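This is a predicted model, so every value here is computed, not measured. Per chain, numbering begins at 1; letters A, B, ... match sequence-line order.
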Amino acid sequence: MEKYNHKDIESKWQKHWLETGAFKIDKDDTSKPKYYILDMFPYPSGDGLHMGHTESYTASDVYYRFKKMQGFNVLHPQGFDAFGLPAENYAIKTKVHPAETTEKNINTYIGQMKMLGLAYDFDEKAVTSDPKYYKWTQWIFSQFYKNDLVYKKTSKTNWCSSCQTVIANEQVVDGKCERCGAEIIQKEVPGWFFKITDFADDLITGLEKIDWPEHTKKNQVNWIGKSEGAEIEFRIQNSELKIKVFTTRPDTLFGATYMVLAPEHPIIENLENRIQNLGEVKNYIERAKNKTEMDRIEAKEKTGVKLEGIFAINPATQEEIPVFIADYVLGGYGTGAIMAVPAHDERDLEFAKKYNLKIEPVVSPMIVENRDPLIKHSEQKGVLEFIGDVRSGKKCFSESGYLVNSGKFTDMYNIEAKKEITKFVGGKMTTNYRLRDWSISRQRYWGCPIPVVYSPDGEAHLVPEENLPWTLPADVDFVPTGISPLAKSKELKERTEKIFGEGWVPEYDTMDTFVDSSWYFLRYPDPHNEKEFCSETRKKWLPVDLYIGGAEHTYMHLLFARFFVKAMNKIGLVNFDEPFQRLRHQGMVLDGQGKKMSKSKGNVINPNDMVNRFGADSVRTYMLFAAPLEDEVMWNEDNIVGVYRFLEKMWRLSSKVKGGELKVENKIQNLLHKTIKKVSNDIDNLKYNTAVSAMMILINDMEKEEEIARQDYESFLKILSPFAPHITEELWQILGNTNSIHNEPWPKFDENLMKDTSYTVVIQINGKVRAEIQVEEGTSDDDVKKLAMEQEASKKWMAGNEPKKVIYVKNKLVNIVI
RNA sequence: GCCUGGGUGGCGGAAUUGGUAUACGCGCACGACUUAAAAUCGUGUCUCGCAAGAGAUGCGGGUUCGACUCCCGCCCUAGGCACCA
């Protein structure tokens, strides 16, 4: 037999699969249960596929092949998130049109995916920059518009002066542009928004019914940031002006001893003539303006300035309290103003100590010790001591308890007091969310045009459905000037006037690319449909059963996609309200030293090089063997040889295969069936690393045999085939099979063959292992215990003592306690 | 500061309804084959100890016949973030 030659084998089968349409499926076949497994589609960058993609896509490919062999009709599509800034930035530099670069990059990606043996049908791909695709992005926008889920407003937004475009809050990293790294400044810009906040509650409750990693769910909940509390107004002394605060602790209102406003709070302008230290205040506001949100968050020490001459009235106590501005209070959250209760909030206490402000305790824990039942809780000795400690700043109490120093509410349980006190001062209970509406307008060229035109009076109108796709004009100059590139297109201007009339102008902004990727999984079942985004019959494929991708998409992409589906469900476009039933993340791929790969470090590993050297089967299997899927993988070239040797062993083992009715060693069948069971369960749970190791154990045992029964070897090939599709196909063919191994049914394990006739039982004396015995299947518990105690080693360690207790764990161990 | 993970041999990692810690792989050492090397195969490989044995899953406690696994308190580390009122 010839030596294992991965290059010849892999190119042979890749060609064969392509020619025979091995990865095509009949999407209308209803004879089998459906399974939809999805990868997060890549942005086709000029750098090509990276190792992270390789791991993620291999993981889904293994699952696809497994499910297919189990008899499912499996949809396993791939596409490209093709709009975006890098292609446009490249165009600015080189004048090469983004459409051209994008197409080139996509072809590179497809070639690389084929090299890895990934089973995608690229005739069925979705490409977001293709007018046939974005027609439906625009159509969905229109549906949202008609259903009052889109609105336009002018708002202070993050502006990247380098990209000359608005950046979503979620896309700002360290106060810098996520894509180009330039500083983000605040700028007033008009734009379109999606009402994602309408679904804030649904986005939280929907998490309960989907199988996602717990930490991902928690992070989404935290991101949405629901908090229940009250809005309460504080009057400014000697004025009609009022400041509204949002607080989760209205029960502590009697302890509010000062207020803090965000530096951008509008009321400050109205108070200018009364602020005695206006210069200092303006100076502070100016400095805060130049700070990015991240700077404000990261500041070690809280800073602030008192508004001299200004006092607010605590509506509960009617006391005059000082007012500060401080940049740790954010204009964009709540009402941009807080009441401060230093006795019951750590941050307020820190600030109060720094500026020497009054601390007034108003909640005390229930103190049980030395309690006199005839005296009210608030007058108990222990409570009075506690109050003293808090008042002196020694401690801060932020938990639940009973009110003190709170007028007629004293001695009430604080949770009950929330509503009562709010009512008392004329406030109202409200729910506040951290989540903001999604700004989707971008002043960029390479994106999906917003299908809106403006009549001469400036009113916005949707582009009618018959004019979709509302295409991206080709005649533009990409160089950013602060106005949208589309404004420079003669063709777009003429097109608009021709269709709508003289004086009509098109919307010049394009959409955030996260819009494109918020619905792409709805397109895959029916990507060529020109009448609908997806036909009713093809909607049977939805929702996605298993979604695999990086944890970096926890907040933006996964939240936006969920919002899209919920909105579309509300409109009646889909009949489910969660897009991804099961979600799993893959970890990062690091270099051999455990460092992140990056161009600047020069440690980027190209998947093609690895495939050339070790073969796709080895690269695939090693990626999944090296670490659990969700963990980081260190790409250590020295270790991949272990997997390569394993595949070589598989190759050589085929020469021991005997056909016909060969009588087989029972021992191998026992292990084989155990392995089939373990590999099946492990794949189903995406525990690929232990599945591979189980197969390594099996081959080490099989190697020792003189002869291998054909059916045993074939079963082994089948369970290996999802990981190493090429070598298994080749060996399958060498055995004389004419069909593809990948269309074979998944091997079944036989519980009878897995039964053991005897077990090794460990003997412990006081929990320490002292001996082991072989116990025949079916031996009674008492007999095993007796046998254990009769052992020489047991007698020695028992040293004549009578056992206090003997514990027997079936077929595992006996623990003799003396 | 807060949130979420993670800490097991020289290295990647395995083991949880609490039951033989270190599977599998890499590396290393020795041996076989070879003129030699590579490849392959075999044996060994947590630490201390001549041995009997003892100790070890970040550290310190606890529960238990028995703890990597559960509880309490720390330390270190990675990633994420929202000082959220």
Side-chain angles (χ1 to χ4, degrees), chain A residues 3 169 173 213-219 221-227 229-230 245-249 252 256 259-260 262 293-294 296-302 326-330 332-341 345-348 350-351 432-435 551-552 554-555 587-588 590 592 594 596 622 625-628 630-643 645-646 648-649 652 687 689-700 703 760-772 803-818:
Chain A
K3 210 170 168 287
N169 232 334
V173 177
E214 281 307 314
H215 68 267
T216 307
K217 289 186 185 181
K218 272 185 199 161
N219 284 335
V221 170
N222 291 343
W223 186 267
I224 295 163
K226 180 177 184 171
S227 56
V245 304
F246 173 75
T247 177
T248 54
R249 295 295 305 274
T252 63
M259 294 186 78
V260 187
E293 205 166 286
M294 213 52 188
R296 283 165 67 164
I297 289 161
E298 281 175 348
K300 297 278 176 292
E301 204 180 332
K302 293 174 186 21
D327 64 11
Y328 78 90
V329 174
L330 304 173
Y333 181 80
T335 60
I338 63 162
M339 64 177 215
V341 187
D345 183 289
E346 291 280 0
R347 279 164 302 137
D348 294 347
E350 191 193 322
F351 194 85
N432 200 29
Y433 299 91
R434 178 195 164 278
L435 184 70
E552 68 273 17
T554 298
Y555 302 109
M588 264 187 294
L590 307 173
K596 269 193 193 176
Y622 175 60
F625 171 65
E630 65 277 13
D631 287 5
E632 294 167 339
V633 176
M634 286 196 208
W635 186 260
N636 189 331
E637 270 182 44
D638 297 332
N639 288 353
I640 194 174
V641 302
V643 167
R645 282 176 195 156
F646 165 63
E648 275 187 317
K649 283 181 195 174
R652 288 197 305 262
K687 291 165 91 178
N689 54 328
T690 48
V692 174
S693 104
M695 290 188 282
M696 286 174 166
I697 292 169
L698 176 61
I699 203 163
N700 289 344
E703 256 194 330
T760 302
V761 171
V762 163
I763 299 168
Q764 294 183 337
I765 313 293
N766 284 346
K768 293 219 177 261
V769 179
R770 297 301 182 190
E772 57 181 50
K804 282 183 199 148
K805 208 197 259 186
V806 179
I807 293 147
Y808 175 45
V809 182
K810 190 91 181 153
N811 300 335
K812 284 210 169 133
L813 67 77
V814 176
N815 189 9
I816 301 165
V817 186
I818 54 167

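Taking atom P in both A39(B) and A29(B), one finds a spacing of 13 Å when rounded to whole Å. Nucleotides A21(B) and C46(B), compared at atom C1', are 10 Å apart to the nearest Å. Taking the C1' atom of each, G13(B) and A32(B) are spaced 31 Å apart, rounded to whole Å. With both ends at atom P, the span from U8(B) to U4(B) equals 22 Å, rounded to whole Å. The P atoms of C68(B) and C2(B) are separated by 31 Å, rounded to the nearest whole Å. If you take atom C1' in G18(B) and the same atom in U57(B), they sit 15 Å apart, rounded to whole Å. Spacing between U47(B) and C65(B) at atom C1', rounded to whole Å, works out to 27 Å. Separation of the P atoms belonging to C30(B) and A37(B) is 13 Å when rounded to the nearest angstrom.
Across the protein-nucleic acid pair, Lys217(A) atom NZ and U4(B) atom C1' stand 15 Å apart, rounded to whole Å. Put simply, CD on Glu214(A) is 17 Å from P on C3(B), counting in whole angstrom units. Atom CG of Leu330(A) is separated from atom P of C81(B) by 16 Å (rounded to the nearest Å). Atoms CG (Asn222(A)) and P (G5(B)) sit 11 Å apart, rounded to a whole Å. Asp348(A) has its CG atom 15 Å from the P atom of C83(B), to the nearest Å. In this structure, Tyr328(A) atom OH and A85(B) atom P are separated by 13 Å, rounded to whole Å. Protein atom CG of Asn700(A) is 13 Å distant from nucleotide atom P of A23(B), rounded to whole Å. Counting to the nearest Å, the C1' atom of G6(B) and the NE2 atom of His215(A) are 12 Å from each other.
Proximity of Arg249(A) to the phosphate of C84(B): no side-chain N or O atom is located under 4.0 Å from OP1 or OP2. In terms of phosphate contacts, Thr335(A) brings no side-chain nitrogen or oxygen within less than 4.0 Å of OP1 or OP2 of A85(B). Contact check, Arg645(A) against U40(B): a side-chain N or O comes under 4.0 Å of OP1 or OP2. The side chain of Arg347(A) contributes no N or O atom lying less than 4.0 Å from OP1 or OP2 of A82(B).
In this structure, the side chains of Met634(A) and Asn639(A) stay at 4.5 Å or more apart for every pair of heavy atoms.
By the side-chain contact (heavy atoms from CB on, under 4.5 Å) test, Ala340(A) pairs with Tyr258(A), Asp348(A), sequence neighbours left out. Annotation: salt bridge (Lys or Arg N to Asp or Glu O under 4.0 Å) contacts of Lys687(A) (sequence neighbours excluded): none. Contacts of Arg770(A) classified as salt bridge (Lys or Arg N to Asp or Glu O under 4.0 Å), with partners at least two apart in sequence or in another chain: none. The salt bridge (Lys or Arg N to Asp or Glu O under 4.0 Å) check on Arg434(A) picks up nothing, with sequence neighbours excluded. Lys226(A) meets the salt bridge (Lys or Arg N to Asp or Glu O under 4.0 Å) test with Asp201(A); sequence neighbours excluded.
Of all the heavy atoms in Asn766(A) and Val817(A), the pair that sits closest is OD1-CA, 3.3 Å.
Closest to the side chain of Arg434(A), out of A82(B), U40(B), C65(B), is A82(B). Closest to the side chain of Thr247(A), out of G55(B), A85(B), C41(B), is A85(B).
Going from atom CD1 of Ile338(A) over to atom CZ of Phe246(A) covers 12.0 Å, rounded to the nearest 0.5 Å.
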Would you mind building the protein contact string for nucleotides 11-20 of chain B? One character per nucleotide, 5' to 3', B for base within reach (heavy atoms under 4.0 Å), S for sugar-phosphate only, - for untouched.
-> -BSSS---BB
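Residue-level contact check: Lys768(A) touches the backbone only, with heavy atoms under 4.0 Å from sugar-phosphate atoms and none from bases. Among the atoms of the strands shown, none is found under 4.0 Å from any heavy atom of Glu637(A). Counting non-hydrogen atoms under 4.0 angstrom, Lys226(A) reaches nothing in the nucleic acid.
Each of Glu703(A) and Val643(A) lies near RNA chain B, and the nucleotide nearest Val643(A) is the one positioned closer to the 5' end. Place Gly334(A) and Ser693(A) on RNA chain B by their nearest nucleotides, and Ser693(A) ends up nearer the 5' end.
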Base-pair map of RNA chain B as dot-bracket, where | denotes pairing with a different strand and pairs are Watson-Crick or G-U under 3.5 Å = (((((((..(((......[....)))((((((.......))))))(((....)))..(((((..]....))))))))))))....
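Listed by first then second residue, pairs satisfying salt bridge (charged side-chain N to carboxylate O under 4.0 Å, His left out) with a partner in residues 809-818 of chain A read Asp781(A)-Lys810(A), not counting sequence neighbours.
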Please list, one pair per line, the donor and acceptor atoms closer than 3.5 Å that link side chains of residues 691-700 of chain A to other protein atoms, with sequence neighbours excluded.
residue   : atom : partner   : partner atom : Å
Asn700(A) : OD1  : Lys649(A) : NZ           : 3.0
Asn700(A) : ND2  : Met696(A) : O            : 3.3

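For Phe351(A) and Tyr328(A), the distance between ring centers is under 6.0 angstrom.
Taking the O4'-C1'-N9-C4 or O4'-C1'-N1-C2 dihedral as appropriate, G58(B) has a value more than 90° from 0 and is therefore anti.
Between the side chain of Asn432(A) and the backbone N or O of Ser227(A), no donor-acceptor pair lies under 3.5 Å.
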